[in-house]
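Residue numbers start from 1 in every chain, and the chains themselves are labelled A, B, ... in the order their sequence lines are given, proteins ahead of strands.
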2 protein chains.
Amino acid sequence: MQFRLTPQRMLILKLLKKDTTHPSAEDVYKVAKKNFPNISFKTVYNTLQVLQDNRLIQELIIDRRKKRYCPDPKPHHHIICTECNKVVDVHLKFNTRLNEKRAEGFKITGSKVTFYGVCPECNMTV
Amino acid sequence: MQFRLTPQRMLILKLLKKDTTHPSAEDVYKVAKKNFPNISFKTVYNTLQVLQDNRLIQELIIDRRKKRYCPDPKPHHHIICTECNKVVDVHLKFNTRLNEKRAEGFKITGSKVTFYGVCPECNMTV
DNA sequence: ATTTAATTTACAATTATTGTAATATGATAA
DNA sequence: TTATCATATTACAATAATTGTAAATTAAAT
Ligand SMILES: [Mn+2]
Ligand SMILES: [Mn+2]
Ligand SMILES: [Zn+2]
Ligand SMILES: [Zn+2]
């Protein structure tokens with residue numbers, strides 16, 4: 001697959017790369033519209049998929065309600081706030097090797113650690 | 001909250017407890033209908049929520065497409081097949097403690113390890 | 001310049017889940 | 001027992017995120 005780095009795609013990639021909040025597609029769409037008022041939601045989804053296919057970003061399965069995107073394609077872990085769904089990176093290596101027997105016959109390709117907790121902001125407002 | 005163990009709820013709990021496939025709400029609904037042909041999808045969702053609130057089962061955020069339910073309320077980990085979304089348990093303890101600094105100010109309440117891989121069945125069909 | 005493939009857009013459709021409100025159930029009190 | 005009252009179930013509608021379709025646009029390749 002040859003993929004074109006169109007102005008829309010260039011913008012979205014640039015936006016993502018400087019955003020550490022792990023935005024949703026809607027978040028990206030809202031910001032992108034400031035530069036391309038006519039950009040469609042579908043283009044945002046398409047672009048996020050293309051960038052993901054090309055290992056420039058990664059999609060997270062961490063927020064029950066919506067997909068979230070991370071500008072860092074390298075494997076790493078996350079903490080999610082159970083109150084406000086804020087997501088932050090954890091750049092640490094954990095020893096989570098599974099031996100043959102415990103892998104239940106699966107061919108393991110990777111693993112992710114997800115931490116659940118309450119963020120500083122949500123901790124304040126009790 | 002006082003919760004009634006109605007026939008519908010009793011059935012759903014019983015079904016779940018003997019199902020190790022981490023079924024979706026729809027999966028549960030389909031099986032439940034064999035015993036209660038008039039049971040509504042909403043009752044299934046309500047029941048799954050009630051059982052979860054009462055720590056009898058747990059809901060997993062692991063499958064992009066739908067909620068999945070696990071009959072074991074105790075913390076444990078999972079492997080998910082990236083081909084067919086099959087989920088199996090991993091009953092092992094991993095050392096994933098985060099020190100104060102790495103927790104980014106979050107009050108950590110728990111953590112989960114998710115393994116990604118290809119299940120034996122999907123491995124066959126290549 | 002012409003052809004061709006990729007991309008964007010508007011818009012519709014899908015899918016899982018949640019909301020609403022009427023009815024039914026069943027526990028408790030009179 | 002019968003009346004009362006909270007809880008649960010159901011049918012049905014609504015929501016929200018995402019995906020599908022197809023026409024129009026863009027830009028690469030010939
Ligand atoms: Mn990240
Ligand atoms: Mn499980
Ligand atoms: Zn928070
Ligand atoms: Zn599989």
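When the C1' atom of dT7(C) is taken as reference, atom OH of Y45(A) falls 18 Å away, rounded to whole Å. In this structure, the CZ atom of F41(B) is 16 Å from the C1' atom of dT15(D), given to the nearest Å. A straight line from NZ of K66(B) to C1' of dA16(D) spans 17 Å, rounded to a whole angstrom. The separation between I12(A) atom CD1 and dT8(C) atom C1' is 11 Å, rounded to whole Å. What separates CG of L60(B) from P of dT17(C) is a distance of 12 Å, to the nearest Å. Rounding to whole angstrom units, CG of residue L48(B) and C1' of dA8(D) are separated by 15 Å. Y29(A) places its OH atom 16 Å from the P atom of dA16(D), with the value rounded to the nearest Å. Counting to the nearest Å, the C1' atom of dT8(C) and the CE atom of M10(A) are 15 Å from each other.
Here the side chain of N46(A) is nearest to one of dT9(C), dT10(D), dA17(D), namely dT9(C). Each of dT18(D), dT8(C), dT10(D) was ranked by its minimum atom distance to the side chain of A25(A); first place goes to dT18(D). The side chain of E26(B) has dA16(C) as its nearest neighbour among dT9(D), dA17(D), dA16(C). Picking from dA11(D), dT18(C), dA10(C) the nucleotide with the shortest atom distance to the side chain of S40(A) gives dA10(C). Comparing dT8(C), dT9(C), dA8(D) by their nearest atom to the side chain of I39(A) picks out dT9(C).
Taking all atoms of both residues into account, the shortest heavy-atom contact from C81(B) to V118(B) is SG-CA, 4.0 Å. Taking both residues in full, the closest heavy atoms of C119(B) and K86(B) are given as SG-NZ, 3.0 Å, listed atom of the first, atom of the second, then distance.
Between R64(B) and N38(B), the one whose closest nucleotide on DNA chain D sits nearer the 5' end is N38(B). Residue R65(B) is the one, among R65(B) and T6(B), whose nearest nucleotide of DNA chain C lies closer to the 5' end (criterion: closest heavy atom).
Considering only side-chain N and O atoms, Q49(A) lies nowhere under 4.0 angstrom from the phosphate OP1 or OP2 of dT19(D). The side chain of Q8(B) places an N or O atom within less than 4.0 Å of a non-bridging phosphate oxygen (OP1 or OP2) of dT10(D). For dA16(D), the OP1/OP2 oxygens have no side-chain nitrogen or oxygen of K67(A) closer than 4.0 Å.
Once rounded to the nearest 0.5 Å, the distance linking CD1 of I57(B) with CD of Q49(B) reads 8.5 Å. The CD1 atom of I39(A) sits 10.0 Å away from the NZ atom of K33(A) when rounded to the nearest 0.5 Å.
Applying the under-4.5 Å side-chain rule to Ile, Leu, Val, Met, Phe, Trp and Tyr, the cluster around V113(A) extends to I79(A), V88(A), V90(A), L92(A), F94(A), L98(A), F106(A), I108(A), F115(A), I79(B), V88(B), V90(B), L92(B), F94(B), L98(B), F106(B), I108(B), V113(B), F115(B).
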_The test is side chain to side chain donor-acceptor pair (under 3.5 Å); show your working for S24(A) and D27(A) and say whether it passes._
CA-CA 5 Å; S24(A) 66; D27(A) 295 335; 3.1 Å; yes

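The side-chain hydrogen bond (donor to acceptor under 3.5 Å, both in side chains) analysis of residues 88-105 of chain A, with sequence neighbours excluded, yields the pairs H22(A)-D89(A), H76(A)-D89(A), H78(A)-D89(A), D89(A)-H91(A), T96(A)-S111(A).
The residues R68(A) and E59(A) are annotated as not salt-bridged, no charged nitrogen and carboxylate oxygen being separated by less than 4.0 angstrom.
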_Counting primed atoms plus P, OP1 and OP2 as sugar-phosphate and everything else as base, spell out the protein contacts along nucleotides 22-30 of chain D at 4.0 Å heavy-atom distance: B, S or - for each nucleotide, 5' to 3'._
----BS---

